[in-house]
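Worksheet: one structure, shown below.
Here is the naming used below: chain letters follow the sequence lines, and residue numbers restart at 1 for every chain.
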Amino acid sequence: MQSVVQVEPLTTARALRGPFDYVRPEGAEVGSLLEVPFGRQTLRAVVTALADSSPHELAVPRRVLPEAIPPELVALGLWMAREYCSTPARALSLMLPPSGVRAKAQLWAEPTAAGRDPGPEVRLTDNQRALLAALPRFAGTDLGALRRLEKRGLVTVAPRDRRRAPEHVAVGARRDPPVLNPEQEAAVHAIATAGPGERLLLHGVTGSGKTEVYLRAAEQTLRAGAGVIVLVPEIGLTPQMIARFVDRFGDTVAVLHSGLSQGERYDEWRRLRDGEARICVGPRSAVLAPLRGVGLVIVDEEHDGTYKHEGDPRYDARLVAQRRAELSGGVLVVGSATPRPESVHALRRIRLAHRADGARLPPVQIVDMRATAAGTVLHRRTHDALVDARKAIVLLNRRGWSNFLTCRSCGHTWECPQCDVTLVLHRAEGAMSCHHCGHREPVPRACPECASVSLARHGTGTERLEHELARIAPVVRLDAGVANPGEALQRFERADRAILVGTQVVAKGHDFADVDLGVVVDADGTLRFPDFRAEERTFSLVTQLAGRAGRGGRAGRVLVQTLDPDAPSIMHAVRHDSDGFLEGELQRRRALRYPPFATLIRIVCSSTEPGAAHAAAHAVRTAVDAAGGAGDGAMLLGPAPLFRLRGRERSQLVIKGPDRYAAIEAAGVAAAAVRAAKAHRTANLSVDVDPQ
DNA sequence: AGCACGCCGACT
DNA sequence: GTCGGCGTGCTC
Ligand SMILES: [Zn+2]
Ligand SMILES: [Zn+2]
């Protein structure tokens, strides 16, 4: 008789490997959350398995907590720990609701049989009759009056969990679902007839009605009795997708986004776990929602970088989504206008080639900046187009007023004391700020080296661009520095004439009618990062912006300012040729052995001790080599120095190997050895499988 | 990760 | 004598 539970105590310790055995308490199953004595401490622990016996002397858990997770999440957590070189405890911790929060109980009043319909012979005041008529409900401020009725046997008053429900932004009256076009019909049918564990890519141009396909697919899944998870990119705003799903499905939708209070988050978690809600919409962490029997996992805008979790375990929600669908026999659907080459390579593709409103995609035109003077922000042509436009979106991927400051007499530059990067000037705040660690200092009046007061500002960010564009039209700025992004978007939406200036956020997530011009100020900005995904990011950004222009009947166009007009990403974006772009990208990746033709693992070592980071990265390399490499055909790149961050020197080693599991195994073993070595005490190691 | 145990030098 | 430095090992 399975009288033993195997448990993972929830600690961040990496050296501590379970499972640990305890006496099985009443009601404990796989997925139960316990409080157990562990050494001299008391820890929460998740039951990962049951057993008949144990070679150890067993301790007795202190209690069974109410936040059990479904067994399928236990399996998913153990898989995540292995896949991302982490620990079961760290992975399982991500699946629990915020700790220290509980269900909120309030007193609930119900009429008894006698109180349900009291005849005129029962002596009651008007107030009491009104109170009885309004039951059942939470007692609230009428508790005194209700208690008196309770004494007379007319009412029962007892505690009951009260849901802290998040408020949803309404998107207008509930409309009848639109009629699907033939492409959408075919897509819905393909999803409905997909087999368990099947993976589909919905490759649809912007505005082709992917959301409606998701809604119909979700409806079918619900009708079949299974649950649905919908992942959306993390943007600082409430995703529009939430409103679309709530509008269609009401209370069976639970949301898990960063804007929720702890209490709301807890209650949404409980509703999913208890089966009261059967659809979960949210950013990457929603893939770990405690739904049972998931039949469909949707990943919208699957190219988006926010699906990667920064922090251990460094999971990729797209891969976890695939695994989750597989584990519960569900279907994975990822959608994008600019899918990743990885997805195109591995998934069955369904196309939506036409915009749902029948409109054509707006023309994308290159503005060649090579002939303009250095430091020019807007080309004459761009300027003129902005003057003519009614509503324009201008994208510049740099916050602040200017990039960096130098002294005109001695050349001094202002750098972050904690990081090896220049400080960015934010004029309105009167501050110089580090975008990597948050360090701030006042704007200098004079050079600390030579006392000169002649300081030069270099580069242009969104704050300065906002200032300059204000001469053309009213400007709304949207970037991470804006206090109320939702309000900014509404101002832009309502305006007759306006320019929306901002970083990537302006090209993501939000659809506006009537935008007739899109501008990418510095399209090479994303290309200048020495990164194998640079081309893909540029292509996606330009295409996504094109998708924002020319909706709602007005003809639109997009201007792309660039110093590199021949870059494949830009040329293909101009032709709206995502197939051509993807084909070239896959060829290049095959030739260079990049994903999906190999797995990349990035190991970053850091330390406050000079030289220790590099020494640790070197030791990882030696450890991998000593263990016979990272699988056939694997390569080690580095150690290569990274810029100092938060006072820590950094160095990285990259493993690139065609045998994914050999590479993961080698990285995990080598990192563990270096972490345990006394010589590398001060070094911190982070292992990132499938880095962005 | 905690937390205790233990073995050594420094100070009342 | 005893206070406290941290290296070592254990947690079902
Ligand atoms: Zn100077
Ligand atoms: Zn910094």
Side-chain angles (χ1 to χ4, degrees), chain A residues 1-65 67-69 71 73-75 77-78 80-82 84-100 309-315 603-609 612-613 615-616 619-620 623 646-648 667-688:
Chain A
M1 257 303 284
Q2 315 234 281
S3 57
V4 174
V5 285
Q6 301 196 328
V7 131
E8 287 291 342
L10 298 181
T11 152
T12 52
R14 248 186 271 263
L16 195 58
R17 288 298 158 105
F20 292 83
D21 299 347
Y22 287 84
V23 171
R24 181 182 181 183
E26 178 110 5
E29 302 290 342
V30 170
S32 290
L33 185 66
L34 310 177
E35 203 175 81
V36 296
F38 191 71
R40 258 139 288 248
Q41 26 178 354
T42 299
L43 292 178
R44 298 194 303 164
V46 175
V47 177
T48 56
L50 305 177
D52 293 320
S53 62
S54 167
H56 300 279
E57 195 174 308
L58 300 183
V60 182
R62 296 203 201 290
R63 57 197 181 115
V64 180
L65 298 168
E67 292 88 8
I69 59 175
L73 280 189
V74 173
L78 298 178
M80 274 172 72
R82 273 178 275 121
Y84 294 103
C85 297
S86 185
T87 65
R90 288 178 184 228
L92 291 167
S93 296
L94 296 173
M95 296 163 174
L96 296 170
S99 74
H309 183 66
E310 306 291 335
D312 194 310
R314 300 183 159 266
Y315 69 91
I603 300 163
V604 177
C605 305
S606 73
S607 174
T608 51
E609 235 28 64
V620 176
R646 295 173 204 274
R648 305 179 71 87
V669 170
V674 174
R675 279 198 268 249
K678 266 183 279 182
H680 302 291
R681 269 251 152 111
T682 71
N684 214 302
L685 309 213
S686 103
V687 180
D688 190 355

Which whole-number value in Å describes the distance from [X] [atom1] to [N] [atom2]?
X: A:Arg17; N: C:dC12; atom1: CZ; atom2: C1'; result: 17 Å
X: A:Leu58; N: C:dT11; atom1: CG; atom2: C1'; result: 14 Å
X: A:Arg44; N: C:dC12; atom1: CZ; atom2: P; result: 18 Å
X: A:Glu8; N: B:dA1; atom1: CD; atom2: P; result: 16 Å
X: A:Phe38; N: B:dA4; atom1: CZ; atom2: C1'; result: 15 Å
X: A:Leu16; N: C:dT8; atom1: CG; atom2: P; result: 19 Å
X: A:Leu43; N: B:dC3; atom1: CG; atom2: C1'; result: 12 Å
X: A:His56; N: C:dC12; atom1: NE2; atom2: P; result: 10 Å

Give [X] one of three labels, base, sugar-phosphate or nothing, depending on what nucleic acid heavy atoms sit under 4.0 Å from its own.
X: A:Tyr22; value: sugar-phosphate
X: A:Pro9; value: nothing
X: A:Glu57; value: sugar-phosphate
X: A:Ser54; value: nothing

Item to check | Carboxylate-amine/guanidinium contact A:Arg63 A:Glu35, below 4.0 Å | outcome: yes
Item to check | Nucleotide of C:dT8, C:dC12, B:dA1 approaching A:Lys678 most closely (side-chain heavy atoms) | outcome: C:dT8
Item to check | Minimum-distance nucleotide to A:Gln41 side chain [options: C:dG7, B:dA1, C:dC12] | outcome: B:dA1
Checklist entry - Under 3.5 Å, side chain of A:Arg90 to main-chain N/O of A:Ala81, donor-acceptor pair present? => result no
Checklist entry - Would you call the rings of A:Tyr315 and A:Tyr84 parallel, tilted or perpendicular, where under 30° means parallel and over 60° means perpendicular? => result perpendicular
Checklist outcome for this item: Here the ring-ring contact (aromatic ring centres under 6.0 Å, His included) pairs for residues 2-33 of chain A, sequence neighbours left out, are A:Phe20-A:Phe38
Item to check | Check: A:Val674 and A:Leu685 side chains under 4.5 Å, non-hydrogen atoms | outcome: yes
Item to check | 5' precedence on DNA chain B between A:Arg14 and A:Arg40 (nearest-nucleotide basis) | outcome: A:Arg14
